[in-house]
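Only this structure's heavy atoms are used, side chains among them; waters, hydrogens and symmetry mates stay out. Chain naming here is simple, since letters A, B, ... match the order of the sequence lines and numbering starts at 1 in each.
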Amino acid sequence: MAKLEELKNEVKRILKEGKVKYAIGYERDTNGLLPKPAFIKKTEEADKLIWEPTCVYNLSRFLVDEKRKMAKEKNPDQRPIGLIIKGCDSRAVVVLLQEKFIKRSDVYLIGVSCENSGVVDERKLQKKLKGKKAEKIEFGEKENFVVTTSEGKIEIPASEILAERCLECKASVPVISDVLLGEKTKRKADNPFKSLERVESMSAEERWAFWKAELDKCIRCYACRSVCPMCYCDECVADTINFAVTADTTAEEKAQKIKWLEKSPVASENFVYHMVRAIHLAGRCIDCGECERVCPLDIPLRFLNKYLEKEAQELFGYEPGFDPEQPSLVACFKDEDPQDFIR
Amino acid sequence: MEKILEKKSLPQWLRKLSSYEIYAPTKEGDLWNFRLVVNPESVDLSHFQTVVSPKKIIFPQREVLLEFNSNEDGVEVREILPEEKPTVIFGVRPCDAKAIILTDKVFGGDFEDPYYWRRRKSTALVGLACTPPPSENCFCLSVDGSPHAKDGLDMLMTDLRDRYFLESLTEKGNDLIKAGKELFQEPKAADKKEAEKIWAESAKKIKRQVKDVKRIPAKLKGMFESALWDEESLSCIRCGICTYLCPTCHCFDINDEIVSSSPLKGERVRTWDNCQFPDFTMHSSGHNPRPDRATRLRQRIFHKFQYFVERFQNYQCTGCGRCVSKCPVRIDIIEVLDKVREYGK
Amino acid sequence: MKRTGVFICHCGINIAGTVDVKLVASELARHSGVAHSEEYVYMCSDPGQNLIIKAIKEKKLDNVVVACCSPTLHETTFRNTSKSAGLNPFRCEIANIREQCSWVHKDMKKATEKAIKLTKSAVERVRRNESLEPISIPVTRKALVIGGGIAGIQASLDLANSGFEVILVERSPSIGGHMIQLSETFPTLDCSQCILTPKMVEVSKHPKIRLMTYSEVQDVSGYVGNFKVKILKKPTYVNPDKCNLCDECTKVCPILVPNEFDIGLTGRRAIYIPFPQAIPATYTLDISACPGLLPIACGKCADVCEAKAIDYDMKPKIIEEEVGAIIVASGFDLYDKQLMAEYGYGKYADVLDGLQFERLCSASGPTKGKILRPSDKKEPKEVVFIQCVGSRDPELHCAYCSKICCMYTVKHAMLYKHHVHDGQAYIFYIDIRSGGKGYEEFVKRAVEEDGVLYLRGKVSKIFEENGKVKVWGVDTLSGKDIEVDADMVVLAMAMRPSKGAEELAKKLKLAMDKDGFLAEAHPKLRPVESVTSGMFLAGAAQAPKDIPEAVAQASGAAAKAIAILSQERLFHAPTVAKVNLNLCTGCAMCVSVCPYDAISLKDGKVEVNEVLCEGCGTCSATCLRTAIQVKNLTPLQIHEMIRVSLGG
Amino acid sequence: MAEEFEPTIVAFLCKWCSSAGSDLAGVSRMEYPPNVVPITVMCSGSVSPLYIFSAFNRGADGVLISGCHPGDCHYIKGNYYARRRIALVKKLLEYVGLEPERFQMSWVSAAEGTKYTQVIKDFVKELKPLGPQTKLRRNR
């Protein structure tokens, strides 16, 4: 298991040596179980860092903000950002590299291995604790989590409270990193698409009813897209302003900006939004599960993205986030791509 | 008027209110949300905090303001006002009720928003005292609220395990009781005492608070250009959760939803909008006065604890804690306010 | 708002018969942005076009929509009409209400509704069109021809005789290709060398042709009208200007290697002239065979060369040239004998391929035109010819038909009979393909006059036994097993793209078909154009062909090239992709999908080379943020077209 | 009696093959139902998923994408990209519960007027029993 001390020391080292402009990790929140993203600028701050099964965030998301910030600055600090990444997060970084959104030299990657566990699903945990409030969770012996509650410590088998995505993890060890902490015991889920069976087993009409009910709930807070490292478009097709206004943009153009969907949070428009997002993430989503975690309405968004991940793998043998050199899913083809659906 | 209602009689009472549209918290998966009640039996007021506050019933996220239709003799416009059907919302938490009074101030005043007020006037709010506090991030006590506050409610119900202790606070409340009078008993002195006891216990359970919040508005005034906003917004992902879930946020956008361009046919629609979205303040010139997360976080704090206070002498926050609980990156308004208070000390 | 005029054509009753054109006109008149709407019996007629011009001027129209026949027919007409009234041609669009509507529907009401949607759709599109001017490109009026076989020679001469400079690049020391190796040609039996050498000489003497033998194309960049080519000139170590062809050098050269010209039936020296009529007429020192250039190593040839033509210090040269068009005539090779072991080719001396047999028949060949077996120089009395060796054999070899084997095998059998009157020729065949002028008659003649024996069937085994080549096969017509004790076997080997063709295709960014032949732009309608504009295909490089076809295609390719070279400037359709730099994140997905390498990444954003872009729009659909869009068919336009198509 | 349901199909036809094929159908006077509204695009590879979602959102009962046969693309390989992209879109639409019949793709060459006619006939036939597409349609 990645040792917290090693983690702190590495962050201190790279800050002291001025290798990075700052480092992003996890720190304890004053209240609540989940940590906060920590932006470490000074070596002494590195002692705030924690590494626990509650470190759910995919911190690669913050590279997007940094890139935007740098674009605004006159002569930005070109040094890399120190980024603490889990296996899934590292795959996101690979996709960002593949899409040339960042250069390898923009990041100093501190990989932490999840080994045989992963991160917790707060919802599962709450159910498990039946009202008891968890104060702290640590990696325990042999695939157990040690949960500290108001009534003392309890050991819970990781598998019972692990995030669904961790149970279906394809890379428990970062696939790319500058330093790797923790053992490199690779674990691969025997069926990385198990959870999908629930939806796939439904009839078409049941599936429709299911998605209708779920997407009806959507209030279009766009947390799913905001938290997604792949949703780095400056303007999203879902935004009312979906073209960049320039000096030579005419009034007519402004008046005629494309409204692929309305702002109204009604089923038809919500479907457009979520289907566009799903198709845009096909071959890019690496299942960090953040969109589903942050959804305030508990819409099971993983089922959408995961499904296309599965289809891309089965139809085209495509797996995102392992090779920055491979061409993007829809930017390549094979002669033998399936076409039985074509007349 | 005070009454006692056996819990088991709740469905019968609701059935007696058949002339009303009844909304109540409904469990969806692990979450609670206000939904139209179809089956009174299913109503269960054991809810903790609903994801979206009941503001969405009076101020819906999507509302058609008018229809337009072009024909031979020009464009015909038809205003569409909501019909005034008596509505009652059960299980309203005091903080959410208070939020509605605050929103009244915005949609009232010199110009009354007819769409809002039609719903508002025809809606009765039946509150449920928070015993225990419905969220670990409740901090109503810090912002002039309490788990059993009555502001904005037409009736307050308090859960006495097998019974509810009801206090009708307005005519609307009385009408609700009249509708099912034979179901109620007169409360004994003990009942009221018990309720008060439970209230007190519950208030103690509220852990989170903003220390001397009174000083915040004045303090904020000098902090418009503060570096604090950059620091505090570092992890903000520019989503709309904090504001869409806030019971007091009321910003909206108006769009024409064109059905057909020739002949021109469509609706003018009002939808919630959100000051945390990058395009909220985007000018058609391309200029954006609030170009980054810092300025948007500042706007949120200033609006709630500075501008609104100056304009209406209230905080535009009722301490429900939704924005704290649901923030994807745990930006905590209580912490931010603490930092504001301590800033520069 | 832009003012659009709509003009609905009756096309006599072709449209008006099924579509209520008056209703279409009145409906469109009510459509937003439509300032004028009228119908007329024949819009393409002069009066019809005048209506349009009049309306454009009087109603101050910005856009024109003509609802009529398919744009493939009159788009140009009406764009010119609009132009003559002072509009940019791209402000005119066609609504196809004939082919896609009136001609395929009967129900007048429904056909009319559809016609209205189609016309509205065109209106929504045209009002968002940009006024565009054709992209103009200068032209380098010079051509590059790759390959000095008959196709390359023909193309070069056609180009040169039309007054254009030509660079003819040939990999080997002499031009002539495979044709120069042939003895006679079917079906006329005239002497191959006799008809080819005059052309070769013409090439060498032509003032407009720069012949570069023993050279290879190294790199090609640029685009139609403006290609930049790098050509590698390999050193021959012999100065052609000094060499007087005295042939002393070959006499002293100690090295003997198989002679390519005779396909190994004879040998040649390390320093050699490929064949007597070689063009250029000079010697070449094959460094791969030569023991070394240092005089200590050998140096005999230099010693005996009185003309002092041999220069060991000659170095490879890279020549850079600019050309406007490129013709690829890289030709073919025979199927690799190693892959034909089952027929004993390469194992038994008396099992030959077609080209070797040509050499045996040729007066200039190793046997001075006498047909003798390589093994014992005896005259073969029974010769078995086998067709489709490696062709039409999807399991083991090539799936396709090599096309010319049927005919040259007949020719071989005939030639054999003419040389060996008492001999017997057998031909194993699958079937005989003799399509072509005089071809069928040629086959008849072989059978009737020369008694060539055709056996329908495949050969199962070939092996040597006491000086004979035993051929086992089955006659599928009689079903009988056949066993021939042949003195010689000739295999009609499949034709393959010449070695190095793939490498060349990569350098030129040309597509290849599944068999490795160069792919034409369209199998039916653009058979001599390659997929890259400005590059053309000639001869067997594109597919197996006989000489007349190769020559015809060469002249076709030359004509296509001339069509470019004869222009002062080229004009390219301006409906090309355009990048919105504010939205582009430089993910370069569009770069990888572009079939024309028209998009490139430049400091973090993509840029389009408008000359290379053909406007297909695949980039636009691939871009996650539609930051790249094709002018005049943008997502906005299509979005609006979708809307009105659905009655919105 | 009530009029039979007439579906509306939006058909994205590539200019060089399928649109030309539909022209040929016209020239040969082959009859097919008028339910289809063609939109000619340069290449099937240029059809963005957005167009498809938008068409359904705007109330299309069916959407057809038609391009050149593999190997015949006027733009060399656009239809191969289309094939891959459309496969994903089709999977997604069916996954959220849209009837598979409503979204189809075909290869129609410039010479296949008959095939184009057949594709449209079949499409309309398959859509009629399904009735109007209301799932993804914007409420009017």
Flag the pair A:E205 and D:K135 as a salt bridge only when some basic side-chain nitrogen lies within less than 4.0 angstrom of an acidic carboxylate oxygen. yes

Taking only Lys NZ, Arg NE, NH1 and NH2, and the carboxylate oxygens of Asp or Glu, determine whether A:E269 and A:R220 approach each other closer than 4.0 Å. no

Please classify the contact between A:A209 and chain D as side chain, backbone, both or neither, with a heavy-atom cut-off of under 4.5 Å. neither

Proximal component of A:K334, with respect to chain D [non-hydrogen, under 4.5 Å]: both

Just so I understand: if I count every heavy-atom pair under 4.5 Å between each of D:P100, D:P70, D:G71, D:G97 and chain A, which residue has the most? D:G97

Looking at A:F341, A:F271, A:Y307, which has the largest count of heavy-atom pairs under 4.5 Å with chain D? A:Y307

So which bits of residues 106-124 of chain D come within less than 4.5 Å of chain A, counting non-hydrogen atoms only? D:S106, D:W107, D:K115, D:V119, D:D122, D:F123

Take A:E168 and A:R302 through the test side chain to side chain contact (heavy atoms under 4.5 Å, CB included) and record every step on the way to the result. CA-CA 12 Å; A:E168 302 182 340; A:R302 265 188 81 241; 2.7 Å; yes

Validate the cation-pi geometry between D:R102 and D:F56: distance from NZ or CZ to the six-membered ring centre under 6.0 Å, angle to the ring axis within 45°. no

So, do A:I219 and A:P265 sit near enough that their side-chain heavy atoms are less than 4.5 Å apart? no

Parallel, tilted or perpendicular: which one describes the rings of A:Y273 and A:Y222, with boundaries at 30° and 60°? perpendicular

Here's a test for you: under side-chain hydrogen bond (donor to acceptor under 3.5 Å, both in side chains), which of A:K170, A:R165, A:R91, A:K306 qualifies with A:D287? A:K306

With a 4.5 angstrom heavy-atom cut-off, which part of D:K91 approaches chain A: side chain, backbone, both or neither? both

Against the six-membered ring of A:Y232, is A:K67 placed for a cation-pi contact (under 6.0 Å from the centre, within 45° of the normal)? no

Any side-chain heavy atom of A:P229 sitting closer than 4.5 Å to one from A:L63? no

If one checks every heavy atom of A:D335 against chain D at 4.5 Å, the contacting part turns out to be both

What's the verdict on side-chain hydrogen bond (donor to acceptor under 3.5 Å, both in side chains) for D:Y75 and D:W16, showing C-alpha distance, side-chain angles and the deciding distance? CA-CA 9 Å; D:Y75 301 106; D:W16 304 98; 2.9 Å; yes

When A:V276, A:V266, A:V272 are compared by non-hydrogen pairs under 4.5 Å with chain D, the top option: A:V276

Under 4.5 Å between any side-chain heavy atoms of D:C14 and D:H74, yes or no? no

Interchain contact, A:W208 with chain D, by part (heavy-atom threshold 4.5 Å): both

Is chain D contacted by the side chain of A:E262, its backbone, both, or neither, given a heavy-atom distance below 4.5 Å? both

So, the part of A:F210 with a heavy atom under 4.5 Å from chain D: the answer is neither

Part of A:L304 lying under 4.5 Å from any heavy atom of chain D: both

